[in-house]
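Have a look at the structure below, then the notes.
Convention: sequence-line order gives letters A, B, ...; per-chain numbering from 1. All of these numbers come straight from a predicted model, not from anything done at the bench.
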Amino acid sequence: MIDLRELNTRFDEIAENIRSRNMDLDLDEVLRLQQERSSLIQETEQLRQQRNDHAKQMKQKLSADERQHLIEAGKGIKGRIASAEEELKKVETRYFSLAGRIPNYAHPDAPIGNEEKDNLELRRWGTPRVFDFTPKDHMELALELDLIDFDAAVKVTGTKFYYFKREAVLMDLALQRYALDILAAKGFILMMTPDMAKESVAAGIGFQPRGSESNIYTVEDSDLCLVGTAEITLGAYHAQEMMDPEVLPRKYAGISHCFRKEAGAAGQYSKGLYRVHQFSKVEMLVLTLPEHSESMHQELVGIEEEIFQGLEIPYRVVDTCTGDLGAPAYRKYDIEAWMPGRGDLGDWGEITSASNCTDYQARNLKIRYKRNQDIEHVHILNGTAVAVSRALISILENHQRSDGSIRIPDALVPYTGFSEIRR
RNA sequence: GGAGAGAUGACCGAGUGGCCGAAGGUGCACGCUUGGAAAGCGUGUGUACCCCGAAAGGGUACCGAGGGUUCGAAUCCCUCUCUCUCCGCCA
């Protein structure tokens with residue numbers, strides 16, 4: 001959440017931000033609750049002070065009569081404290097539940113808008129390949145090469161799951177390993193993370209574990225959910241900690257499975273591997289000092305570009321518009337790969353996403369640092385190194401040959417052990 | 001899963017109803033001392049929230065978490081979580 005002390009001082013800015021993100025939130029109500037909470041706190045604290053003063057009087061030598069009198073008075077105070085606390089609790093529950101929905105501030109240069117078309121294209125790399133044959137989409141290629149079996153998965157798990165077979169298995173592992181080597185060389189600490197997390201942790205990162213629009217699977221009879229990304233587990237790794245500024249920036253690269261409900265997501269652009277309930281991903285997560293988060297954000301995008309340049313995938317970098325940011329993000333850059341099998345003529349498809357969430361998540365997770373006498377929240381950034389399912393789409397579709405075989409980009413060959421896939 | 005032990009400040013560790021935000025020690029910071037260092041001596045050393053304010057200040061809470069008993073809880077009771085040891089099971 002944002003710093004709620006700024007609710008008053010930056011009220012108009014916060015309200016404007018909510019509008020530009022196309023969100024609906026009664027900010028006046030939040031402010032009203034804040035004031036109500038404040039006066040209730042004053043009331044209960046005053047009563048507690050009375051109780052403490054009163055208890056001190058009891059320590060003196062007293063006649064039985066006086067003592068009895070004071071006990072009666074004490075009981076009265078106790079009752080008033082109880083009812084004041086109860087009222088305070090009610091107000092706080094509502095206050096924090098509403099205030100927690102206030103989104104992070106947006107970067108002043110982030111494009112304003114609600115739809116994908118409002119995203120700002122920053123640059124392109126590579127040239128979409130011109131085929132001298134009709135390119136196939138990844139579904140067709142994978143079927144013919146017996147790399148992915150969606151039909152069998154339907155029997156076992158239902159739609160939007162899949163089995164990887166043969167070289168696809170090694171591709172999954174190779175892509176992860178390829179990304180990890182690049183990240184390790186850049187000072188990232190490699191991690192394998194739990195695929196589950198407490199719902200409170202997911203919520204702290206900014207995911208809604210419950211509710212109809214939630215993208216998160218919850219586990220019955222526990223307070224756990226399946227993670228949608230290692231951002232959750234990596235971000236919470238330092239929860240509740242007071243970090244030494246000397247160790248910042250701290251860079252983590254974590255492997256996890258990612259589970260997403262994707263309820264209601266269907267249609268042409270969601271087919272095949274593009275939108276699935278489970279996939280493997282290498283995620284970058286960085287904790288920095290506030291003054292370093294913007295440059296670190298650029299660095300993360302640079303790493304993502306390096307990874308996909310190595311895979312020889314044409315892409316463009318997009319500055320995500322405010323309506324598409326997601327509550328925790330201050331600014332977000334997506335990399336969209338060229339996918340020749342997408343739509344009729346090929347199209348761009350998101351393969352990575354790098355967000356600067358500034359102190360928004362750190363405040364929920366209580367990750368702070370102390371510099372001299374100042375205590376502040378760290379800034380947290382996250383970015384996709386490789387989301388295997390989508391990376392695989394782009395490799396299959398971009399590097400297909402007329403005979404249906406697939407060329408493996410040189411950078412990946414050391415990790416796959418083969419330079420092409422053919423039958 | 002069963003049995004037992006435990007959880008106190010940056011760390012170690014005392015504390016079984018009011019004198020405890022918490023002894024003592026270590027560490028850390030500053031000062032004295034020294035040619036310099038060590039030792040020694042002295043002083044200081046948490047977080048969150050609320051009020052007021054230019055600053056200073058005042059208040060409340062926090063001894064794993066949540067509930068309860070009491071005029072008053074680190075201390076008594078209940079529930080939970082976590083850690084450690086032993087047993088069982090297991091990739």
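- The closest side-chain donor-acceptor pair between A:S214 and A:K261, if any, does not fall under 3.5 angstrom.
- Of the P atoms belonging to B:C28 and B:U83, the separation is 31 Å, rounded to the nearest Å.
- Nucleotides B:C12 and B:U34 place their C1' atoms 32 Å apart, quoted to the nearest Å.
- For the C1' atoms, the distance linking B:U16 with B:G72 amounts to 16 Å, nearest Å.
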Trace of the side-chain contact (heavy atoms from CB on, under 4.5 Å) decision for A:E312 with A:N398: CA-CA 9 Å; A:E312 300 170 45; A:N398 280 291; over 6 Å; no

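- A:K75 has its NZ atom 9 Å from the C1' atom of B:U70, to the nearest Å.
- The CD-C1' distance, from A:Q49 to B:C51, rounds to 11 Å in whole Å.
- If you take CD of A:E85 and C1' of B:G68, they are 13 Å apart, rounded to a whole angstrom.
- For the C1' atom pair drawn from B:C20 and B:A61, the interatomic distance equals 15 Å after rounding to whole Å.
- In this structure, the side chain of A:T322 engages the main chain of A:S20 through a donor-acceptor pair within 3.5 Å.
- The side chain of A:S38 contributes an N or O atom lying less than 4.0 Å from OP1 or OP2 of B:C51.
- Of the listed nucleotides (B:U60, B:G67, B:C50), B:U60 has the atom at the smallest distance from the side chain of A:N52.
- Judged by a 6.0 Å distance limit and a 45° cone about the ring axis, A:R250 is not positioned over the six-membered ring of A:Y237.
- Of the nucleotides present, B:A3 is the one that pairs with B:U85 by Watson-Crick or G-U wobble criteria, both distances under 3.5 Å.
- Comparing A:D53 and A:K78 along RNA chain B, the residue whose closest nucleotide (by nearest heavy atom) sits nearer the 5' end is A:D53.
- Closest to the side chain of A:R48, from the set B:C50, B:C71, B:U60, is B:U60.
- Separating the CE atom of A:M242 from the P atom of B:A10 is a distance of 8 Å, rounded to the nearest angstrom.
- Atoms CG (A:L40) and P (B:C49) sit 18 Å apart, rounded to a whole Å.
- Applying the 4.0 Å criterion to OP1 and OP2 of B:C20, one finds that A:K56 has every side-chain N and O outside that range.
- Following rounding to the nearest Å, A:E376 (CD) and B:U47 (C1') show an atom-to-atom distance of 15 Å.
- In the region residues 193-205 of chain A, proximity to RNA chain B at under 4.0 angstrom, judged on heavy atoms, holds for none of the residues.
- Side-chain polar atoms of A:T352 and A:E304 form a donor-acceptor pair below 3.5 angstrom.
- The only option from A:R51, A:Q50, A:Q49 that meets the side chain to side chain contact (heavy atoms under 4.5 Å, CB included) definition with A:D53 turns out to be A:Q49.
- Look at B:G17: it lacks any Watson-Crick or wobble partner with both distances under 3.5 angstrom.
- The base of B:G59 sits with one of its N or O atoms less than 3.5 Å from a complementary donor or acceptor on the side chain of A:E45.
- B:G66 is paired with B:C78 under the Watson-Crick or G-U wobble criterion, all donor-acceptor distances under 3.5 Å.
- Spacing between B:C71 and B:U8 at atom C1', rounded to whole Å, works out to 26 Å.
- Nucleotides B:G4 and B:G15 have their P atoms positioned 24 Å apart, rounded to a whole Å.
- Mapped onto RNA chain B by nearest heavy atom, A:G74 and A:R368 fall at different nucleotides, with A:R368 at the one closer to the 5' end.
- Between A:R51 and B:G18, a side-chain N or O to OP1/OP2 separation shorter than 4.0 Å is absent.
- Ring geometry for A:H277 versus A:F161: interplanar angle of 30 to 60°, hence tilted.
- The same atom, C1', is picked in B:U69 and in B:G17; the two are 12 Å apart, to the nearest Å.
- Side-chain contact between A:L412 and A:M171 is present, with at least one heavy-atom pair separated by less than 4.5 Å.
- Put simply, CG on A:D3 is 12 Å from P on B:A48, counting in whole angstrom units.
- Across all strands shown, the partner of B:C41 is B:G31, judged by Watson-Crick or G-U wobble contacts whose two distances both fall under 3.5 Å.
- Contacts of A:I77 with the nucleic acid, taken as non-hydrogen atoms under 4.0 Å apart, are absent.
- The base-pairing partner of B:U26, taking Watson-Crick or G-U wobble contacts with both distances under 3.5 Å, is B:A10.
- Nucleotides B:G27 and B:C80, compared at atom P, are 42 Å apart to the nearest Å.
- Of the nucleotides present, B:U60 is the one that pairs with B:A48 by Watson-Crick or G-U wobble criteria, both distances under 3.5 Å.
- Interatomic distance, A:L147 CG to A:E167 CD, rounded to the nearest 0.5 Å: 6.0 Å.
- Summarising the base pairing, B:A54 is matched to no nucleotide, lacking a Watson-Crick or G-U wobble pair whose two defining distances lie under 3.5 Å.
- Judged by distance alone, the side chains of A:S353 and A:D334 do bring a donor and an acceptor atom under 3.5 Å apart.
- The CG atom of A:L88 sits 12 Å away from the C1' atom of B:U60 (whole-angstrom rounding).
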